[in-house]
Amino acid sequence: MGGVDGDPGGPLGLADLDDQGGPLVEEEDQLLVEGIDALAGIGERFGGGGEFPGLALLGRGRLALGGGLCGSLMRLWSLPRAHRGVIVQPMASVERLGGRLWQKPVGNTDSRSKAVGGVDTGGTPVPRAPVDERESALHSRPMPSRELVVTRFAPSPTGHLHIGGARSALFCWAFARRARHDGADGRFMIRIEDTDQARSSEESARGILDDLAWLGIRWDDGPVLRRHQALGTGHQGVNQGQGGDIGGDSRGVGPYFQAQRVGIYNSYIEALVKAGHAYPAFETTEELESRRKAANAAKQTYRYQRPDDVQIGAFNESRWKRAQAGEAHVIRLAVPREEIIVRDTILGDVKSAAGELDDFVIRKADGFPTYHFAVVIDDELMGTTHVLRAQEHLANTPKHVALQKALVRLDNGKPFRTPVYGHMPIICNMDGSKMSKRDKAKIARKAAKDAIAKDGGITAAVLAGTTGIAQKQIADFLAAESDSVDTAEALASHFKVALPEIEIWDFRRSGYLPEVIINFIALLGWNPGMKQADGKDLEKFDLEFIGKNFSVERIGKGSAKFDRAKLLSFNGDAIAGMADDVFVQRWRAWLAEYEPEALARLDGLGADTLMILAPAVKPRAKTLRDTLKPIAFALASDTGYEFDKTAVEKNLLASDRTGAKLLAEFKPVLAGIDAWTPGSIHAAIEAFAKSKGFVGEKGVNVGPIAQPLRIAITGVAVSPPLGETLGVLGKASTMARIERCLTSL
RNA sequence: GGCCCCGUCGUCUAGCCUGGUCCAGGACACCACCCUUUCACGGUGGUGACAUGGGUUCGAAUCCCAUCGGGGUCACCA
């Protein structure tokens, strides 16, 4: 029997039901199901008469399932994921009923749902999960009370939103949204973990929220992000009503900035100390550091040694008095020496042997809680039911479980609950290392060092002068003592090296579309497991789809490498797939933000410039920044571009200046065009080619005139189709450019 | 190094739970051809993987074990 009487380790969650019954479950195992009215029907039908072994009806909406039955019934009724999580009752109520609660032997919980893809006639992808009328009947019944499902994303405001953070946020959002689709009250919450006084900033918090909003991820509970506010005035701007504020505290569990909750943490700290589960410790950082070094030198694992005068469960008054008197100290948790099992929906049970955990710090010397403590307190107080985070946190989780075991709520005396955990695969670089903002530092540092190696005159002081960054900061950065993103960006821009996009902000600047980023990061470690009508895997979808179809059981275990080439391809597809007017609108917005001069130049050419260019640019640009390349000719003035020598030689001068002669001959034809549109220009070129007898087996070959013309107009042999190219420039510019080319020969 | 997690084409993955329909499917990338006024787009086709070794089984990508490989984490950062 896998259960632990009297110590369920928190409410049962998805993990417990993940292995859907089967032979592993012993006969005595029981599962109490309640909270879904419709289940009463099941109970009455199967269990009411008592002739069905392993199933007992305990009242309306409530039944106990025994042994493998719970699994098979779950399967039989295709109970949706969230329902499964919702219907399981915590220990207390089971005890009240005199039942026994078990936690299933979780030996292998990495089971996958059988939801395979299916196809509908319209070509829209639909899940092929077995559709059972009974299931829809179940869905249509109103829930007695909507179960609360709360996920949270809790960034530390020490920089921009990282791509991995965005994925965490997306999955948490999606989980809550999916729960809502399944009838629960799914809520996605944001909490700002600003307990690191030195590194946190409000500006960064605001930036992270902005990035999230840009991606289209909205939160139900959390800091309020006011959008479309006129700068400085506090009045609503022109776009009023379009975006609206995000966030709020409808459940009354805020504030959502941890720095504002220090009082709460302190009262829990005090309670913990007085209960003998935590104690003040007075060692200095230096002392600990030297002990750590000594242990490492002796090739031993360093663990903090609990002082002899500290006993678990006994309030150490003298230490508390010293602390109260103002002596510098931290608070440590007195961790019992016992095995800790983290139940993880994605990974299964992860055991941590007794003694692995030492007495870790829960409140720092500056009076702020550590991450571990604040997280546990807030997740409980804010009602977090499901924690989805990256696997880098897996090693922390035993600490959180230990804390939860030690803590009791001050308001109602109830023990802390353990949320359902799910640790997601880490996002890696193509070389397999963790994708991190340090990657920027590495590249920038290398560029700087290479430059210094070449030119001894370059020093930190010189760089400080040219970049405007403090000399010390640059020196630290070069010595790899700091990985400051700002410094990295400044140096990279100074040495003209490209930094990889790591943070959402980078991708935005590079011209990636938010919906593409969402789509792509959703695929990093998760996939819907569906097929399209043509039998290919479904992998292009939007936020709404994710919110409807997200499921934890389809999150993979292995780390995912971030394939930029595929992202680029997705982005290019999205751009190419946009209607021209939509593209122009978004293109214009991006240009206005990042390349205002280019936009001004384009608009100066004519009101419709972007629209004329759109069909030519869309298939040629993988990102919005890419759009600048095919339109380089338009960005330059009529005399502001160079003629590519090789191209001129090959297309204008070769064969006794054939190209140039042809061009000179074609010039008056162009001058005679009245309606200067891409279509009429193209028609003129074709007609001219035809009149010159450039006709092959496949029809008119405009090449002999097209290439000379292209080079005259753009300077190079590569450009969008000539209709659009000339069309955008206008007749006067076109003539001037041809003239300039011809005279330059 | 200790502890933990993971391991299907170069990359993201489907398949694994419930072994046979898989000499393993899709996507990106790559290669070839077609289309084409250039560059793109598009179309068609192709190269390419079950980490290795043992079991279990009539049968293993799928179940078990070992080995190897990769990653994470070891703070008064989160």
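The sequence lines fix the lettering, A, B, ..., with proteins before strands; numbering per chain opens at 1.
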Undergrad: Using O4'-C1'-N9-C4 for purines and O4'-C1'-N1-C2 for pyrimidines, with syn meaning within 90° of 0, is C23(B) syn or anti?
TA: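 Here the answer is anti: the torsion falls beyond 90° from 0.
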Undergrad: Between G55(B) and G70(B), how far apart are the C1' atoms? Round to whole Å, please.
TA: 25 Å
Undergrad: Report yes if the side chains of W587(A) and I575(A) come closer than 4.5 Å at any heavy-atom pair, otherwise no.
TA: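 In short, these two side chains do not touch, never coming nearer than 4.5 Å.
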Undergrad: Shorter than 3.5 Å, N or O on both sides, protein versus nucleotides 39-43 of chain B: list them out with atom names.
TA:
unit_1	atom_1	unit_2	atom_2	d
C39(B)	O2	R620(A)	NH1	2.6
C39(B)	N3	R620(A)	NH1	2.3
A40(B)	O2'	P619(A)	O	2.7

Undergrad: When both hydrogen-bonding distances must be under 3.5 Å and the geometry is Watson-Crick or G-U wobble, what is G19(B) paired with, if anything?
TA: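 Pairing partner, where one exists within any strand: none, as none qualifies.
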Undergrad: Under a 3.5 Å cut-off for both contacts, is G7(B) paired Watson-Crick or G-U wobble with anything, and if yes, with which nucleotide?
TA: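 Paired with C68(B).
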Undergrad: Are the aromatic rings of F373(A) and H400(A) close, with centres under 6.0 Å apart?
TA: no
Undergrad: With a non-hydrogen cut-off below 4.0 angstrom, is L722(A) in contact with a base, only sugar-phosphate, or nothing?
TA: base
Undergrad: Any strand is fair game: report the nucleotide pairing with A75(B) by Watson-Crick or G-U wobble, both distances under 3.5 Å, or none.
TA: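 The answer is none; no pair meets the criterion.
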Undergrad: For C6(B), take OP1 and OP2 only and decide whether either is under 4.0 Å from a side-chain N or O of K557(A).
TA: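 Checking C6(B) against K557(A), a side-chain N or O does come within under 4.0 Å of OP1 or OP2.
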Undergrad: Could you please spell out the steps behind the side-chain hydrogen bond (donor to acceptor under 3.5 Å, both in side chains) verdict for R620(A) and T627(A)?
TA: CA-CA 7 Å; R620(A) 265 162 267 261; T627(A) 58; over 6 Å; no
Undergrad: Considering every strand and a 4.0 Å limit on heavy-atom distances, what is the contact class for H162(A): base, sugar-phosphate, or nothing?
TA: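 The residue H162(A) makes no contact with any strand.
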Undergrad: Separation of I341(A) atom CD1 from C5(B) atom P, in whole Å?
TA: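 Computing the I341(A):CD1 to C5(B):P distance gives 12 Å.
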Undergrad: Can you check the distance between C34(B) and G26(B), where both ends of the measurement are the C1' atom (answer in whole Å)?
TA: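 Looking at atom C1' only, C34(B) and G26(B) are 24 Å apart.
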Undergrad: Can you tell me the base-pairing partner of G42(B)? Count Watson-Crick or G-U wobble geometry only, both distances below 3.5 Å, and say none if there is no partner.
TA: C34(B)
Undergrad: Give a yes/no on whether any side-chain N or O of N701(A) is located under 4.0 angstrom from OP1 or OP2 of U37(B).
TA: no
Undergrad: Measure from the side chain of R710(A), starting at C-beta and using heavy atoms only, and say which of U38(B), C28(B), G15(B) lies closest.
TA: U38(B)
Undergrad: C3(B) P sits how many Å from K299(A) NZ, rounded?
TA: 15 Å
Undergrad: Are Y279(A) and H329(A), when compared by the centres of their aromatic rings, separated by less than 6.0 Å?
TA: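 That pair fails the under 6.0 Å test.
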Undergrad: Between protein and nucleotides 68-78 of chain B, map the contacts as a letter string: B base, S sugar-phosphate only, - none, heavy atoms under 4.0 Å, written 5' to 3'.
TA: ---SSS-SBBB
Undergrad: Rounding to an integer number of Å, can you tell me how far M435(A) CE sits from C12(B) C1'?
TA: 14 Å
Undergrad: Categorize G572(A) for me: base, sugar-phosphate, or nothing, with a 4.0 angstrom heavy-atom threshold over every strand shown.
TA: nothing
Undergrad: Taking the side chain as every heavy atom from C-beta outward, state whether F171(A) and V552(A) have any pair of such atoms under 4.5 Å apart.
TA: no
Undergrad: Does D537(A) contact G25(B) through a side-chain donor or acceptor facing the base, at a distance under 3.5 Å?
TA: yes
Undergrad: Between G45(B) and A60(B), how far is it from one P atom to the other, in whole Å?
TA: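 Per the computed distance, 33 Å lies between those P atoms.
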Undergrad: When you compare U37(B) with U44(B), how far apart are their C1' atoms, in angstrom units rounded to a whole number?
TA: 24 Å
Undergrad: So, do K557(A) and L347(A) sit near enough that their side-chain heavy atoms are less than 4.5 Å apart?
TA: yes
Undergrad: Please measure how far the C1' atom in A24(B) lies from the corresponding atom in U13(B), and state the result in whole Å.
TA: 13 Å
Undergrad: Could you go through D378(A) and Q258(A), starting from their C-alpha distance and side-chain angles, then the distance that decides it, and tell me whether this counts as side-chain hydrogen bond (donor to acceptor under 3.5 Å, both in side chains)?
TA: CA-CA 8 Å; D378(A) 288 343; Q258(A) 290 185 328; 2.9 Å; yes
Undergrad: Atom CD of residue position E287(A) - does it have more than 12 heavy atoms of other residues, nucleotides or ligands inside 6.0 Å?
TA: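 Counting other residues, nucleotides and ligands, CD of E287(A) exceeds 12 neighbours.
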Undergrad: Which whole-number value in Å describes the distance from F666(A) CZ to U37(B) C1'?
TA: 12 Å
Undergrad: Hey, which sits more toward the 5' end of RNA chain B by its nearest nucleotide, V702(A) or E539(A)?
TA: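 In this pair, the answer is E539(A).
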Undergrad: Quote, to the nearest angstrom, the C1' distance that separates C6(B) from C12(B).
TA: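 Comparing C1' positions in C6(B) and C12(B) gives a spacing of 16 Å.
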Undergrad: What is the distance, rounded to the nearest whole Å, between atom CZ of R564(A) and atom P of C30(B)?
TA: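 Rounded to whole Å, this separation is 17 Å.
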Undergrad: Rounding to an integer number of angstrom, what distance separates C63(B) and U18(B) when you compare their C1' atoms?
TA: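 Nearest-Å result for C63(B) against U18(B) at atom C1': 11 Å.
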Undergrad: To the nearest Å, give me how far apart CG (D563(A)) and C1' (G10(B)) are.
TA: 9 Å
Undergrad: Considering every strand and a 4.0 Å limit on heavy-atom distances, what is the contact class for K351(A): base, sugar-phosphate, or nothing?
TA: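 Counting heavy atoms under 4.0 Å across all strands, the contact made by K351(A) is with sugar-phosphate only.
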Undergrad: Decide whether a cation-pi geometry holds between R191(A) and F153(A); the criteria are a distance under 6.0 Å from NZ or CZ to the six-membered ring centre and an angle within 45° of the ring axis.
TA: no
Undergrad: Measure CD1/I705(A) against C1'/U36(B) and give the value in whole Å, please.
TA: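 From I705(A) CD1 to U36(B) C1': 18 Å.
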Undergrad: Cation-pi check, R332(A) to Y304(A): give yes when NZ or CZ is under 6.0 Å from the six-membered ring centre and within 45° of the ring axis, no otherwise.
TA: yes
Undergrad: Round to the nearest Å and state the distance from E686(A) atom CD to U36(B) atom P.
TA: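 My rounded result for the distance is 12 Å.
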Undergrad: Examine K540(A) relative to F570(A) and say whether NZ or CZ is less than 6.0 Å from the centre of the six-membered ring and inside a 45° cone about the ring axis.
TA: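 Satisfied, under 6.0 Å and within 45°.
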Undergrad: Taking the C1' atom in each of A51(B) and C58(B), what is the distance between them to the nearest angstrom?
TA: 27 Å
Undergrad: Looking at every non-hydrogen atom in both residues, tell me the closest pair between T195(A) and A374(A) and how far apart they are.
TA: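 Here T195(A) and A374(A) meet closest at CG2-CB, 4.4 Å.
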Undergrad: Any donor-acceptor pair under 3.5 Å joining the side chain of K536(A) to the base of A27(B)?
TA: no
